[in-house]
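Here the structure is a predicted model, which is why all the values come from computation and not from measurement. Per chain, numbering begins at 1; letters A, B, ... match sequence-line order. Side chains included, hydrogens not; waters and symmetry mates left out as well; all remaining heavy atoms used.
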Amino acid sequence: MPLSGFPEYLPAERLAEQYVLDVIRRTFELHGFASIETRAVEPIERLVGSGEDADKEIYGVHRLAARSDERGGSDAELGLHFDLTVPFARYVVENAGKLAFPFRRYQIQKVWRGERPQEGRYREFTQADIDIVDAGELSPHFEAEVPLVVAEIFRQLPIGDFRIQVNNRKIPEGFYLGIGLTDVVGTLRIVDKLDKIGPDKVAALLVEAGATPEQAKQCLALAGIRTEDLSFVEQVRALGVQHPTLDEGLAALAAVIGTGLDLAPGTLVADLRIARGLDYYTGTVYETQLVGHESYGSVCSGGRYDSLATDGRTTYPGVGISIGVSRLLGLVIGRWGLTATRSTPTVVLVALTDEDGRGDALRTASALRARGIATEVAPRADRFGKQIRYADRRGIPYVWFPGAAGASDEVKDIRSGDQVAVDAATWAPPAEDLTPGLVRPP
RNA sequence: GUGGGCGUAGCUCAGCAGGUAGAGCAUCGCGUUGUGGUCGCGAGGGUCGCGGGUUCAAGCCCCGUCGCUCACCCCA
């Protein structure tokens, strides 16, 4: 019985997932990020401390044999981590003496959240994170770097157009303070519903929360600003609000968008309505949607955090971004039907004339594997039609026939039907057949 | 956590005044003792989510329960 929120894929879909993970890993490493893995559990106290009402999402972990009065006793209560940033912050502090700063790491792991599952929302899912953390001060140029790495990954995947929306929390914060609204978080939360409930209802909620109609109108005006270039600065200025925090935010966002314009035009969008992500973000925040699937939710988000990690003497500010691998796959596999070109890594099935030929077949397979060609030997010496069907069912592209009595071996591409005489010591498939690829059904 | 929808074969579904379960697809076998995909024939496979109740009789009605699903909340 499947458990809701704990997805499990069939082999072909898992191969598609691995393909995506391979692209992610290769690109992270290409940009010089080093891999780490942190334990699955953290003391609950640490997990709760970072997020407001994160506690209701946390899965607790304890020994079944532990009596209830032991839980929370001398041993700290443990919970499964709900993201990779909080454990990473702990890891940085613990290992600060052995790490070289600025420290760049990537981390691809499962995380758990105890929320009601829906399409694209799971209780167990995979995130792929990069973060850059420094000791004391973090240079702002890193805030432009991390989303561009993600853009490079997404461009390699068959997911269509995407937009990485960028904002800086200091912009709404300074703006709200500048017009006299002091409940920054509450205002953000309401404005964030804009896409879902529309401007009229947002305005109504803001007024209900204590804003004047004029303030509500100003908030909506700010939230409506979205540009692919630096003109958002002018548009905000035109609203006539003054506050030093607003100035800081505009300068910081302009720097990020400017770098994006220079290096990867069209991928970063300044969008002054987005504010989401966990609440430890202090400046730049990112959120990513696939064009045409905006309502599916963000498939990648992150931001800058100034004081998530601290040992009391030194703080370690960082900036990071997290690809929601499971959510992304939920869309492209679940909704689009994307899958792998075959359900097994096997490139070649070595056919068997009879059981006496198994020894030779195993030697043929070894010769092919020695050159990196994934090979398996037919399970039974069925008639060739069945052996070909064995390959066909699995999407294995080639069947290898042993040559009879001194004749040369032959390999057949069962997609085209082409069959040629070959030598196991030298034959190789075209590069595109070496590993499973991705296919999207018509 | 709150509120709606739905649970029959591996999948999509049918079934009915309540009368002891069916189709298509998939799987497997044979036709085809050695080169598949088409076609033909055939086979296997179900405690009708689970438990209780009403009834001579329940997949169908009633109660409960579990699960799945959608929305809210929140987020990847």
Side-chain angles (χ1 to χ4, degrees), chain A residues 1-7 10 20 24 51-58 81-86 107-129 150 154 162 164 188-190 192-193 195-197 274-281 285-290 293 295-303 320-332 334 349 351-355 357 378 380-402 404 410-420:
Chain A
M1 275 283 110
L3 265 182
S4 174
F6 295 86
L10 291 169
V20 169
I24 292 172
E52 284 300 306
D53 36 26
D55 55 325
K56 65 180 181 187
E57 298 181 7
I58 297 171
H81 55 220
F82 59 85
D83 74 2
L84 300 177
T85 308
V86 171
Q107 197 167 342
I108 302 173
Q109 284 183 242
K110 287 280 171 58
V111 305
W112 294 267
R113 290 183 196 174
E115 284 203 278
R116 273 284 213 284
Q118 293 175 31
E119 185 185 31
R121 304 184 49 182
Y122 311 100
R123 299 205 262 218
E124 177 179 73
F125 57 100
T126 300
Q127 290 192 317
D129 282 35
V150 170
F154 281 11
F162 59 91
I164 301 179
L188 275 175
R189 184 158 301 194
I190 294 169
D192 189 51
K193 299 178 192 293
D195 282 328
K196 221 166 246 173
I197 65 177
I274 77 144
R276 299 161 78 178
L278 287 318
D279 46 13
Y280 44 70
Y281 295 124
V285 288
Y286 318 101
E287 190 168 306
T288 309
Q289 265 111 34
L290 300 190
H293 299 271
S295 63
Y296 185 74
S298 176
V299 293
C300 173
S301 66
I321 196 163
S322 174
I323 299 173
V325 178
S326 300
R327 174 172 286 183
L328 188 61
L329 292 166
L331 184 70
V332 299
L349 175 75
L352 228 43
T353 303
D354 51 51
E355 273 306 318
R380 294 186 351 193
D382 284 319
R383 62 172 209 271
F384 285 166
K386 282 196 179 184
Q387 298 191 52
I388 290 171
R389 193 165 62 172
Y390 176 97
D392 188 44
R393 290 278 159 80
R394 293 163 177 76
I396 297 169
Y398 297 95
V399 176
W400 189 281
F401 295 102
E410 299 193 349
V411 70
K412 175 188 180 107
D413 181 334
I414 66 173
R415 296 161 300 187
S416 62
D418 296 343
Q419 184 167 334
V420 291

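Contact check, A/Ser301 against B/A76: a side-chain N or O comes under 4.0 Å of OP1 or OP2. One finds a side-chain N or O of A/Arg189 lying less than 4.0 angstrom from the OP1 or OP2 phosphate oxygen of B/C74.
Nucleotide B/U65 is matched to B/G49 when pairs are restricted to Watson-Crick or G-U wobble geometry with both distances under 3.5 angstrom. In this structure, B/U54 makes no Watson-Crick or G-U wobble pair, since no nucleotide meets both defining distances under 3.5 angstrom. Both distances falling under 3.5 Å, in either a Watson-Crick or a G-U wobble arrangement, place B/C72 opposite B/G1. Base pairing analysis places B/C60 opposite nothing; no Watson-Crick or G-U wobble pair with both distances below 3.5 Å involves it. Base pairing of B/U35 is not made with any nucleotide, judged by Watson-Crick or G-U wobble geometry with both donor-acceptor distances under 3.5 Å. Across all strands shown, the partner of B/G22 is B/C13, judged by Watson-Crick or G-U wobble contacts whose two distances both fall under 3.5 Å.
B/U27 atom P lies 14 Å from atom NZ of A/Lys386, rounded to whole Å. Whole-Å rounding puts the A/Tyr280 OH to B/C74 P distance at 17 Å. Between the CD atom of A/Glu124 and the P atom of B/A76 there is a distance of 17 Å, given to the nearest Å. At whole-Å resolution of the value, CD1 in A/Ile388 and C1' in B/G37 are 10 Å apart. Residue A/Arg383 contributes atom CZ, which lies 13 Å from atom P of B/C28 at whole-angstrom precision. To the nearest angstrom, C1' of B/A76 lies 10 Å from OH of A/Tyr281. For the pair A/Asp382 CG and B/G29 C1', the computed distance is 12 Å after rounding to whole Å. Atom CZ of A/Arg123 and atom C1' of B/G1 are 12 Å apart (whole Å).
Only the C1' atoms considered, B/G44 is 24 Å distant from B/U38, to the nearest whole Å. With both ends at atom C1', the span from B/U65 to B/G40 equals 49 Å, rounded to whole Å. As rounded to the nearest Å, B/C63 and B/G19 have C1' atoms that lie 24 Å from one another. One P atom belongs to B/C50, the other to B/A58, and the distance between them is 15 Å to the nearest Å. One C1' atom belongs to B/U8, the other to B/G49, and the distance between them is 10 Å to the nearest Å. Spacing of P atoms, B/C25 relative to B/G42, comes out at 14 Å, to the nearest Å. For the C1' atoms, the distance from B/C75 to B/C60 is 42 Å, rounded to whole Å. When the C1' atom is compared between B/G51 and B/G36, the two are found 49 Å apart, to the nearest whole Å.
A/Thr126 comes within 4.0 angstrom of nothing in the nucleic acid, heavy atoms only. Among the heavy atoms of the strands lying under 4.0 Å from A/Ser4 are primed sugar atoms or P, OP1, OP2 only; no base atom is included. Base engagement by A/Gln419 is indicated by at least one non-hydrogen atom pair under 4.0 Å involving a base atom. Base contact: A/Tyr122 has a heavy atom under 4.0 Å from a base atom. Backbone-only contact: A/Arg389 has heavy atoms under 4.0 Å from sugar-phosphate atoms and none from a base. Residue contacts for A/Leu10: at a heavy-atom cut-off of 4.0 Å it reaches no nucleic acid atom on any strand shown. Nucleic acid contact class of A/Arg393 (heavy atoms, under 4.0 Å, all strands): sugar-phosphate only. Within 4.0 Å of A/Lys193, counting heavy atoms only, lie sugar-phosphate atoms of the nucleic acid but no base atom. Nucleic acid contact class of A/Gly297 (heavy atoms, under 4.0 Å, all strands): none. Contacts of A/Lys412 with the nucleic acid, taken as non-hydrogen atoms under 4.0 Å apart, include base atoms.
Across all their heavy atoms, A/Ala378 and A/Gln387 have their closest contact at CB-OE1, 3.1 Å. Residue A/Arg380 comes nearest to A/Asp382 through the heavy atom pair NH2-OD1, 2.7 Å, listed as atom of the first residue, atom of the second, then distance. Of all heavy-atom pairs spanning A/Asp129 and A/Thr85, the tightest one is OD2-OG1, 3.6 Å.
Between the side-chain ring of A/Phe125 and the base of B/A76, a stacking contact exists by the 5.5 Å and 30° definition.
Among the nucleotides B/A71, B/G34, B/A76, the one closest to any side-chain atom of A/Gln118 is B/A71. Residue A/Phe384 places its side chain closer to B/U35 than to any other of B/U35, B/G29, B/C75. Taking the side chain of A/Glu115 as heavy atoms from C-beta on, and the options B/A76, B/G36, B/C74, the nearest nucleotide is B/C74. The side chain of A/Arg113 lies closest to B/A76, out of B/A76, B/C74, B/G37. Minimum atom distance to the side chain of A/Ile414 is reached by B/G36, of the listed B/C74, B/G36, B/G34. Of all nucleotides listed (B/G36, B/C74, B/A76), B/A76 comes nearest to the side chain of A/Gln127.
A donor-acceptor contact shorter than 3.5 Å links the side chain of A/Arg113 to the backbone of A/Phe82. A distance-only check finds a donor-acceptor pair linking the side chain of A/Ser298 to the backbone of A/Thr288 [under 3.5 Å]. At least one donor-acceptor pair closer than 3.5 Å links the side chain of A/Arg327 to the backbone N or O of A/Gly120.
Inter-residue side-chain proximity for A/Tyr296 and A/Leu290 is flagged as unmet; no heavy-atom pair is nearer than 4.5 Å.
In this pair, A/Phe154 and A/Phe162 present their aromatic rings perpendicular. The plane angle is above 60°, beyond the 30 to 60° band.
For A/Arg415 and A/Tyr398, the positive end sits near the middle of the six-membered ring, less than 6.0 Å away and at most 45° from its axis.
Each of A/Ser322 and A/Ser416 was matched to the nucleotide of RNA chain B holding its nearest heavy atom; the match closer to the 5' end belongs to A/Ser416.
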